Amino acid sequence: MVKKRYRPSWDEYFLEAAELVAKRSTCLRRQVGAVAVRDKRILATGYNGAPSGLSHCADIGCLRQKLKIPSGQRQELCRALHAEQNIIIQAVIHKVDLKGATIYVTNQPCVICSKMLISVGIRDIVILDGYPDKLARKMLREAKIKVRRVKK
């Protein structure tokens with residue numbers, strides 16, 4: 001008799017990939033990873049960190065941390081791009097259309113990333129953890145983008 005082994009669901013599989021991508025993050029406060037998927041194929045990945053060629057917070061320190069700025073506030077003072085922004089940038093660089101894709105993210109997108117995801121035509125967002133951004137949730141609902149939280 002063949003012993004049945006555990007096989008992750010597609011949601012688990014892609015969320016675990018997002019967690020692996022998050023390990024590349026250079027942010028000192030929150031490591032976020034994201035994976036864009038369509039038809040069970042990975043289109044692009046992204047993690048939060050400084051733009052290409054610039055020094056990372058992990059190397060030079062975090063201005064927001066030094067100024068004691070709470071999570072979700074004064075994002076313009078952050079050196080890093082968010083994981084979702086990096087997915088969009090990677091898709092543009094490699095000429096990948098994200099319309100109709102699902103994005104798997106370790107945290108709920110902020111309002112800025114939500115607006116960008118709405119604009120590129122993301123259809124669904126699957127998250128592991130929340131984020132204190134009510135406006136983002138409201139805009140995603142208005143855009144009829146399904147947001148599902150999967151617990152591990």
Side-chain angles (χ1 to χ4, degrees), residues 1-54 56-59 62 64-65 70-72 75 78-152:
M1 177 170 219
V2 176
K3 183 179 178 184
K4 188 156 180 129
R5 64 180 179 86
Y6 172 75
R7 187 173 185 212
S9 70
W10 286 110
D11 281 349
E12 292 169 326
Y13 175 76
F14 291 122
L15 282 169
E16 285 184 29
E19 287 181 300
L20 179 62
V21 171
K23 291 179 179 183
R24 290 282 306 154
S25 169
T26 57
C27 179
L28 298 173
R29 298 179 92 178
R30 183 188 307 255
Q31 286 69 52
V32 179
V35 177
V37 174
R38 187 174 45 244
D39 300 324
K40 298 178 185 158
R41 302 289 182 260
I42 294 175
L43 304 173
T45 65
Y47 55 87
N48 54 333
S52 296
L54 299 185
H56 293 280
C57 296
D59 299 323
C62 173
R64 294 178 73 237
Q65 204 169 40
S71 179
Q75 292 174 359
C78 181
R79 293 183 66 77
L81 292 161
H82 287 186
E84 303 90 337
Q85 293 167 341
N86 269 322
I87 276 190
I88 294 167
I89 291 165
Q90 289 303 309
V92 168
I93 289 170
H94 298 288
K95 297 174 179 56
V96 174
D97 184 9
L98 294 175
K99 188 171 186 171
T102 297
I103 188 169
Y104 290 84
V105 195
T106 56
N107 290 87
Q108 175 201 302
C110 70
V111 70
I112 294 166
C113 290
S114 294
K115 290 186 281 188
M116 294 173 78
L117 294 172
I118 291 165
S119 294
V120 298
I122 292 295
R123 182 188 66 211
D124 298 295
I125 300 172
V126 182
I127 62 173
L128 277 175
D129 203 1
Y131 187 75
D133 197 325
K134 292 176 186 176
L135 181 57
R137 289 191 295 270
K138 180 180 178 196
M139 292 183 82
L140 290 167
R141 272 193 309 274
E142 184 180 339
K144 295 180 177 43
I145 294 176
K146 292 180 240 161
V147 179
R148 293 184 292 117
R149 186 172 180 177
V150 174
K151 296 193 180 196
K152 285 185 82 174

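Owing to the predicted nature of the structure, the values given are computational and were not obtained by experimental measurement.
Sequence neighbours left out, the pairs with a member in residues 126-139 that pass salt bridge (Lys or Arg N to Asp or Glu O under 4.0 Å) are Asp129-Arg149. Screening residues 26-41 for salt bridge (Lys or Arg N to Asp or Glu O under 4.0 Å) gives no qualifying pairs among residues at least two apart or on separate chains. Under the ring-ring contact (aromatic ring centres under 6.0 Å, His included) criterion, the residue pairs touching residues 1-54 are Trp10-Tyr13, Trp10-Phe14, Phe14-Tyr104, with sequence neighbours excluded. Identified under the salt bridge (Lys or Arg N to Asp or Glu O under 4.0 Å) test for residues 117-127, with sequence neighbours left out: Asp124-Lys146.
Closest heavy-atom contact between Ala80 and Asn48: CB-C, 4.5 Å.
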Given Leu140 and Ile118, is the side chain to side chain contact (heavy atoms under 4.5 Å, CB included) satisfied, shown in steps?
CA-CA 7 Å; Leu140 290 167; Ile118 291 165; 4.0 Å; yes

Could you go through Asp11 and Arg148, starting from their C-alpha distance and side-chain angles, then the distance that decides it, and tell me whether this counts as side chain to side chain contact (heavy atoms under 4.5 Å, CB included)?
CA-CA 10 Å; Asp11 281 349; Arg148 293 184 292 117; 2.6 Å; yes

Please test Ile88 against Leu117 for side chain to side chain contact (heavy atoms under 4.5 Å, CB included), starting from the C-alpha separation and ending with a verdict.
CA-CA 8 Å; Ile88 294 167; Leu117 294 172; 4.1 Å; yes

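When the side-chain hydrogen bond (donor to acceptor under 3.5 Å, both in side chains) test is applied to Thr45, no partner is found at least two apart in sequence or on another chain.
Note that the CD1 atom of Ile122 and the CD atom of Glu84 stand 10.0 Å from one another [nearest 0.5 Å]. Leu128 contributes atom CG, which lies 9.0 Å from atom CD of Glu16 (distance to the nearest 0.5 angstrom).
Side-chain contact check for Thr26 versus Asp59: every heavy-atom pair is 4.5 Å or farther apart.
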Output side-chain donor-acceptor pairs under 3.5 Å for residues 89-101, partner residues at least two apart or in another chain, one line each.
{"from": "Gln90", "atom 1": "OE1", "to": "His94", "atom 2": "NE2", "distance (Å)": "3.4"}
{"from": "Asp97", "atom 1": "OD1", "to": "Lys99", "atom 2": "N", "distance (Å)": "3.0"}

